[in-house]
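Keep in mind it's a predicted model, so treat the numbers as computed, not measured.
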Amino acid sequence: MIGYLNLVLRLIIWFLLTANLSVANIIIGVTIALLLPGGRPKAPGALKDWLRTLGEVLVAIPQAYLEAFEMIIRPHRHEDITMEQVKPGRTPGLIFLDIFLITFTPKTIVLKYHERGCYEVHWVRRKKKR
């Protein structure tokens, strides 16, 4: 099941990058998604993690709109850079989705993923954090 989710994630990324749903592009996308190397899931509960993360993506969409309107109405003038820990047992596909979730909202962006298991996150805030 996890292999199918990785394949779907690769295809979604391909279609977002190309913005083309022609038959030729679909064939090319499926071919590339199948040829890319993929590892085995590390954790037995990976399906539950995928479903939880996909649910978080659905929640992030309205949150992104709310944050954008909040930034328009009340400007955010302070910035912070923090280190956020990666959840344990994450596959590369889940790490990508985590980075996508952080970067999708207008107040945060991942600057760098460190191999030791943390993200460097840039935050835009209304007030200085104490």
Side-chain angles (χ1 to χ4, degrees):
M1 180 71 177
I2 301 304
Y4 293 120
L5 291 173
N6 280 329
L7 180 69
V8 169
L9 177 64
R10 290 174 183 181
L11 284 173
I12 289 171
I13 292 169
W14 176 259
F15 294 136
L16 287 173
L17 287 173
T18 61
N20 182 356
L21 292 177
S22 68
V23 174
N25 193 52
I26 291 172
I27 293 170
I28 293 169
V30 169
T31 304
I32 289 174
L34 291 172
L35 291 176
L36 285 173
R40 290 273 183 229
K42 295 178 184 174
L47 179 60
K48 189 187 319 181
D49 290 338
W50 269 95
L51 295 175
R52 184 180 304 122
T53 303
L54 291 174
E56 291 172 4
V57 168
L58 293 176
V59 169
I61 294 169
Q63 178 185 353
Y65 280 103
L66 289 173
E67 287 184 10
F69 286 124
E70 182 183 4
M71 289 177 69
I72 292 169
I73 294 168
R74 299 183 318 196
H76 292 53
R77 304 198 192 287
H78 300 285
E79 301 176 19
D80 290 328
I81 295 179
T82 61
M83 299 298 278
E84 304 286 328
Q85 282 296 118
V86 175
K87 296 173 187 169
R90 301 299 261 188
T91 63
L94 287 172
I95 290 172
F96 170 80
L97 281 177
D98 288 341
I99 291 171
F100 172 78
L101 273 172
I102 294 169
T103 304
F104 184 72
T105 55
K107 292 183 181 182
T108 57
I109 188 166
V110 174
L111 299 175
K112 183 174 176 126
Y113 168 68
H114 297 277
E115 293 296 323
R116 64 179 185 263
C118 57
Y119 312 113
E120 197 172 320
V121 181
H122 177 268
W123 295 79
V124 178
R125 301 186 193 272
R126 221 172 133 235
K127 298 177 186 175
K128 276 195 174 181
K129 190 174 181 180
R130 296 178 186 196

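Partner of Lys107 under the side chain to side chain contact (heavy atoms under 4.5 Å, CB included) criterion, chosen from Arg125, Gln63, Glu70: Glu70. For the side-chain hydrogen bond (donor to acceptor under 3.5 Å, both in side chains) with Trp123, the lone residue among Thr108, Thr82, Asp80 that qualifies is Thr82.
Taken together through direct or relayed side-chain contacts under 4.5 Å among Ile, Leu, Val, Met, Phe, Trp and Tyr, Val86 and Val121 form part of one hydrophobic cluster. No continuous path of hydrophobic side-chain contacts links Leu101 to Ile95 [ILVMFWY only; heavy atoms under 4.5 Å]. Leu34 and Ile27 are not part of a single hydrophobic cluster, where members link through side-chain heavy atoms under 4.5 Å apart.
The structure places CZ of Arg52 at 13.5 Å from CG of Leu97, a figure rounded to the nearest 0.5 Å. The distance from the CD atom of Glu84 to the NE2 atom of His114 is 11.5 Å, given to the nearest 0.5 Å. Interatomic distance, Phe96 CZ to Ile99 CD1, rounded to the nearest 0.5 Å: 8.0 Å. Annotation: the span from Thr105 atom OG1 to Phe100 atom CZ amounts to 10.0 Å, rounded to 0.5 Å. The distance from atom CG of Leu17 to atom CD1 of Ile12, rounded to the nearest 0.5 Å, is 12.0 Å.
Residues Met83 and Arg116 have side chains in contact (heavy-atom distance under 4.5 Å, counting atoms from C-beta outward). Proximity of Val124 to His122: side-chain heavy atoms (C-beta onward) are separated by under 4.5 Å at one or more points.
Of all the heavy atoms in Leu21 and Ile26, the pair that sits closest is O-CD1, 3.6 Å. Considering all non-hydrogen atoms of both residues, Ala68 and Pro106 come closest at N-CG, 3.7 Å. Shown here for Thr103 and Val110, the closest heavy-atom pair between the two residues is OG1-N, 3.3 Å. Closest approach of Val30 to Leu11, counting heavy atoms only: N-CD2, 3.6 Å. Here the shortest heavy-atom pairing between Ala33 and Arg10 reads O-NH1, 3.0 Å. The minimum heavy-atom distance linking Phe104 with Ile61 is given by the pair CE2-CA, 3.6 Å.
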CA sep, side-chain torsions, deciding dist, call: Arg77, Arg126, side chain to side chain contact (heavy atoms under 4.5 Å, CB included): CA-CA 6 Å; Arg77 304 198 192 287; Arg126 221 172 133 235; over 6 Å; no

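The number of heavy-atom neighbours closer than 6.0 Å to CZ of Phe15, taken from other residues, nucleotides and ligands shown, is above 12.
The backbone N or O of Asn20 lies less than 3.5 Å from a partner atom in the side chain of Asn25, making a donor-acceptor pair. Under a 3.5 Å cut-off, the side chain of His76 and the backbone N or O of Arg74 do form a donor-acceptor pair.
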